[in-house]
Amino acid sequence: MVSAFDKLAHPVQKWVRSRGWRELRKIQADAIHAIVDSDDDLIISASTAAGKTEAAFLPLISQVLVDPAQTGGFDLLYVGPLKALITDQAMRLEDICHNAEIPVYPWHGDVSASVKSRALKAPKGILLITPESLEAMFIRRGLEVPRLFGAIRAVVIDELHSVLDSERGVQMRSLLTRLEIAVKRPIRRVGLSATLGDMKLASAYLRPDKAESVALMEAKGGESELLLQVRGYVAGNEDDDDDTLAAEDSVAAHLFKHLRGSDNLVFAGARQSVEKYADSLRELCERAHLPQEFYPHHASLSREHRDFVEDRLKDANLPTTAICTSTLELGIDIGDVTCVAQVGAPFSVASLRQRLGRSGRREGQPAVLRQYAVELRHDSASNFVDRLRLGLVRTIAMIELLLEGWCEPPRPDALHLSTLVHQILSVIAERGGAKADRLHRVLCQEGPFRQVSVEMFLGVLRSLGKPETGLIEQSSDGLLLLGPKGEKLAEHHRFYAVFQTPEEFRLIADGKELGTLPITNILTPGMLLIFSGRRWLVQEIHALERVIIVQPAKTGVPPRFGGDPGAIHDRVIERMFDLFESELEPAYMDPTALDMLKEARKNYAWMGFSSSPVIETSEDSHILATRRGTAKNCTLALALGAKGFKVEQHDGFLSVWTHESCDGLMQVLRCVAGGEDMDLFAHSPNLVFEKFHEHLTPELLQQDAHSCRLDVSSLQSTASMLVGTNLEETDAGPTIEPSKK
DNA sequence: GACCTGCTGCGGTCTG
């Protein structure tokens, strides 16, 4: 049998030898056989430093060398989600390709026009590009696409897991389909990924028509040992700021003591919390007269500051701990970190797993996860969220699921109508005009919008063509063209990205930009801020220029950065209830955390949830234990809202207040359980979440919400579960605040 | 009750 190495072209073999590798890794050998011996699509799944890029490109480059294209055009395409990743990968590929005389072109917003024009003049070799730049190519040079990509052999999609079901992922899959249509043949797809919960499902996203023929390569074993601890911290009640500070200070002190002297990542959840901990840790260093080694890292900080922190992390001689949001969750290689800390409950098992993958990458080194759970101290006025320690319980539920190897799958039925609007405008711009049936075939039959029916598609077109929208027009021969508003929208560079970005102020100190703040912060001169881990006084505000001038100060508070709460999966919530109702005492919990869990269980039983899912807390307020994730919970909340109740949503629970005019809660729940027709949108909730939603009719927005944010099919069963138990009032029930207001 | 990601072409000015 011919070995994997022997299947590589000579210049590539020479490069492998020059690296001094004793042998190819198994995943690399497997990928070489698969790529050289067949035309199948492929997913290569392995941890960050396992050599996935080489696994894909060594054989692909070999094919280009052995059988060079007869026509011009790029040979290989790489699509990556981050500019930094593209720059990084281009350097690695240049190293391989240098002797083989295959050109490598990075292409994104920061790449100079001269490199781009060189690539366009003599397209050849490997093009590394972002989805947005590829989009721009279709819109600006639609007619050149066949010439540029006519010879392409394969497209490599990096960080596949991060684009499975997002708006951006749908955009990318749409672009890949459009590329195949432009060159009139299928192009092999190779997905690279670190974290995939379900390889089969990922195949369906990579190649919907032929998911079964996608070859799957997964690097198994070699996973490092995991050291895990959950530490509990109890803060004071809400009115007692000093006590609250004490718990967060204890967390900061523990981080300071245990992380100093090595490289670490502390995921603190929100940017506001990143700023708070970065400030505390900076102060601890200063007080101890020690050099600074704790730095904040999040998307609102200037590129310069973020580069500084990333460079320090890569530098083995400078111990550095980054307090960060998900900015350091994926992307460029920052080297191995000693420990990953998570402060507060994570938002998904998938991201927790991705974060954990940042540590324990060197052989023989364990992966270390330090989880900090900060909860409020109870008193007689505490609300049920605090009494049930929902944050801690969710943390444990997610860790248990992580240990079982589960993570959240994408929602396959999502319509992604905002991105459909974008792609309709883009296809029209690409070709200067398009017929409706062609648009439907490209986007909904061959492309990723397969959940969109013909009728709905026509509804979207009508919505875009309405005079007040004016994005598209129809010529006398039926061709759809961009209207004046559509032209204007598509010609601006803001159009290329399918995701929304908020308006921001720029924060300037001493002539240098510190970063940005959403304009939703109400600021006046004289206010004190914590930003970039330091304290500032607001000096001047230039509203028109969107600039704020600050100077150093002695105190401050972290600003609000806003954000969009995401969805918690049903399975996480189910596990939370399992935890409430079991005796499990995980060994990784410290005594405080364990006490907190026992207390949560005691309160769960004391409040009555072990015998009934509906608790009456006062004459006009109830708590429902729905045991459902965000989408189902939110659907029931809308249904009750439509009947006049005021509803608050929590993990697996709803707090419900009755108004005078409402029917009894149980009566309404029985109606819902009986399948009564409900108008979930009776109170016109906001349904504009995505960038191009504003161009759609309310009916279409409702359908989009149904497809990914709600789950109306669960309504009856959730309500039946809630009314199924006998709800006769117990005498002298406990007095519990339903929730914080 | 959260986070992240991306960006063209043109016209102007400066430098060797």
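Fair warning: this is a prediction, and the values are worked out from it, not measured in the lab. In what follows, chains are A, B, ... by sequence order, proteins preceding strands, each numbered from 1.
- When the C1' atom of B:dT8 is taken as reference, atom CZ of A:F138 falls 17 Å away, rounded to whole Å.
- Atoms CD (A:E329) and C1' (B:dA2) sit 11 Å apart, rounded to a whole Å.
- Judged as a side chain to side chain contact (heavy atoms under 4.5 Å, CB included), and not counting sequence neighbours, the contacts of A:L176 are A:V155, A:I157, A:R189.
- With sequence neighbours excluded, no residue forms a salt bridge (Lys or Arg N to Asp or Glu O under 4.0 Å) with A:R312.
- Summarising the geometry, the separation between CZ on A:R560 and C1' on B:dA2 is reported as 14 Å, rounded to the nearest angstrom.
- Here A:E487 pairs with A:L482 under the side chain to side chain contact (heavy atoms under 4.5 Å, CB included) rule; sequence neighbours left out.
- When heavy atoms are screened at a 4.0 angstrom cut-off, A:D651 is found touching base atoms of the nucleic acid.
- Applying the salt bridge (Lys or Arg N to Asp or Glu O under 4.0 Å) definition to pairs two or more places apart or across chains, those involving residues 127-137 of chain A are A:E132-A:R168, A:E135-A:R178.
- Residues passing the side chain to side chain donor-acceptor pair (under 3.5 Å) test with A:R628 are A:T718, sequence neighbours excluded.
- Screening residues 564-573 of chain A for side-chain hydrogen bond (donor to acceptor under 3.5 Å, both in side chains) gives A:D570-A:K632 as the qualifying pairs, with residues at least two apart or on separate chains.
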Listing time: all N or O pairs from protein to nucleotides 4-6 of chain B that are below 3.5 Å?
unit_1	atom_1	unit_2	atom_2	d
B:dC4	OP1	A:A299	N	2.7
B:dC4	OP1	A:T325	OG1	2.8
B:dC4	OP2	A:R271	NE	3.4
B:dC4	OP2	A:R271	NH1	3.4
B:dC4	O4'	A:S326	OG	3.3
B:dT5	OP1	A:R306	NH2	2.5
B:dT5	O3'	A:P81	O	3.4
B:dT5	O2	A:R168	NH1	3.4
B:dG6	OP1	A:K83	N	2.6
B:dG6	O3'	A:T130	OG1	3.3

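- A stem is defined here as three or more consecutive Watson-Crick or G-U pairs, each with both distances under 3.5 Å; DNA chain B has none.
- Remark: of the listed residues A:E275, A:Q272, A:H305, A:R271, A:E275 is the sole one forming a side-chain hydrogen bond (donor to acceptor under 3.5 Å, both in side chains) with A:H298.
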Grab the N/O contacts between the protein and nucleotides 9-16 of chain B below 3.5 Å, and write none if there aren't any.
unit_1	atom_1	unit_2	atom_2	d
B:dG9	OP1	A:R141	NH2	3.3
B:dG9	OP2	A:R141	NH2	3.4

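- Toward the 5' end of DNA chain B, the nearer of the two residues A:H492 and A:Q272, judged by each one's closest nucleotide, is A:Q272.
- Every residue two or more places apart in sequence or in another chain that forms a salt bridge (Lys or Arg N to Asp or Glu O under 4.0 Å) with A:E503 is listed here: A:R546.
- A:E310 meets the salt bridge (Lys or Arg N to Asp or Glu O under 4.0 Å) test with A:R303; sequence neighbours excluded.
- Between the CD1 atom of A:I86 and the P atom of B:dC7 there is a distance of 7 Å, given to the nearest Å.
- Remark: A:K691 pairs with no residue by the salt bridge (Lys or Arg N to Asp or Glu O under 4.0 Å) rule, at least two apart or across chains.
- Atoms CG and CD1, on A:L402 and A:I396 in that order, are 13.0 Å from each other to the nearest 0.5 Å.
- Between A:M137 atom CE and B:dC7 atom P the separation is 11 Å, expressed in whole Å.
- Contacts of A:G269 with the nucleic acid, taken as non-hydrogen atoms under 4.0 Å apart, involve only primed sugar atoms and P, OP1 or OP2.
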